[in-house]
Enquirer: 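Questions regarding the structure given below will be posed in turn.
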Amino acid sequence: MKQEDKQYEEWLTTLRNTSPVLQQPEELTDAIMGRIHSLPKKNKWYLLWGSWISGVAAIFLLLFLAWETEFPPLPGMANQDKPPMVRHPNEPSGLLSHTADYNLTKKSPQLFRQRQEENLRRMDVIKKQFESTLK
C-alpha cells in the first residue's frame, strides 16, 4: 500500500511540475474564443417586461395620487353640509400658519386629523349612496 501511495505522489508531482506543450497557442486561443462567441445568447425578455410593467404601475400610481389631491370629492359630497371643524386650543386659527415656529412637527398631526375627518365624511357619503341604491 505504501508503494502505491509513493507512486501516486510521484505521478502527481510530475503532473504538477510539467507545463503543457503547445505548438500553436494563438490558434488554440482563437478556437476557444470562437466557440465562446458561437454559444447562443440568452434572451432577457423577462427583464424588459418587468421594467415595462413597473413603469406602467408607477404612472398609474402618480395619476392616482394626482387625482386624489387635485380633483374635487365625490359628486354627492359637495351638496351636503359639512360639520364644523373642531379646533384644538394649541392650533392657530385658519389655515396652516406660515410662521417660523410652526414647523413640520406641529403641522403633521393637524394635517393628519384633517385628512381623517375628510375620509370619514367621504365614507359616510359612500355608505348613504350605497344604501339608497339598495332600497
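Computed from heavy atoms alone, side chains included, the values below leave out hydrogens, waters and symmetry copies.
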Enquirer: Measure the shortest side-chain to side-chain distance between L39 and R35 over non-hydrogen atoms and say whether it is less than 4.5 angstrom.
Expert: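 Side-chain contact under 4.5 Å: no.
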
Enquirer: For E10 and K6, what are the C-alpha separation, side-chain angles and deciding distance, and is it a salt bridge (charged side-chain N to carboxylate O under 4.0 Å, His left out)?
Expert: CA-CA 6 Å; E10 287 177 20; K6 278 186 178 181; over 6 Å; no

Enquirer: Within a radius of less than 6.0 Å around CD of E26, do more than 12 heavy atoms belonging to other residues, nucleotides or ligands occur?
Expert: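 No, the 6.0 Å shell around CD holds no more than 12 heavy atoms from other groups.
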
Enquirer: How long is the span from the CG atom in L120 to the CE atom in M123, to the nearest 0.5 Å?
Expert: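 One finds 8.5 Å between CG of L120 and CE of M123.
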
Enquirer: Could you list the cluster mates of L63? Members are the ILVMFWY residues connected by side-chain heavy atoms closer than 4.5 Å, either directly or through other members.
Expert: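 Listed partners: I59.
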
Enquirer: Are V56 and Y46 linked, directly or through intermediate hydrophobic residues, by side-chain heavy-atom contacts shorter than 4.5 Å (ILVMFWY only)?
Expert: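 Yes, it is one cluster - the side chains of Y46 and V56 are joined through contacts under 4.5 Å.
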
Enquirer: Hey, could you give me the OH/OG1 distance between Y8 and T13, rounded to the nearest 0.5 Å?
Expert: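 OG1 of T13 is found 11.0 Å from OH of Y8.
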
Enquirer: Using a 4.5 Å cut-off on heavy atoms from C-beta on, say whether the side chain of W11 contacts that of T14.
Expert: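 With C-beta onward as the side chain, the pair stays apart.
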
Enquirer: Quick test of your reading of the model: are R122 and E118 salt-bridged, counting only N-O distances below 4.0 Å?
Expert: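 Yes, charged N to carboxylate O under 4.0 Å.
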
Enquirer: So which atom in L48 and which in S51 form the shortest heavy-atom distance, rounded to 0.1 Å?
Expert: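 Closest pair (atom of L48, atom of S51, distance): O-OG, 2.9 Å.
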
Enquirer: With sequence neighbours left out, write down each residue that passes side chain to side chain donor-acceptor pair (under 3.5 Å) with R16, or none if nothing qualifies.
Expert: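 With sequence neighbours excluded, R16 shows a side chain to side chain donor-acceptor pair (under 3.5 Å) to no residue whatsoever.
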
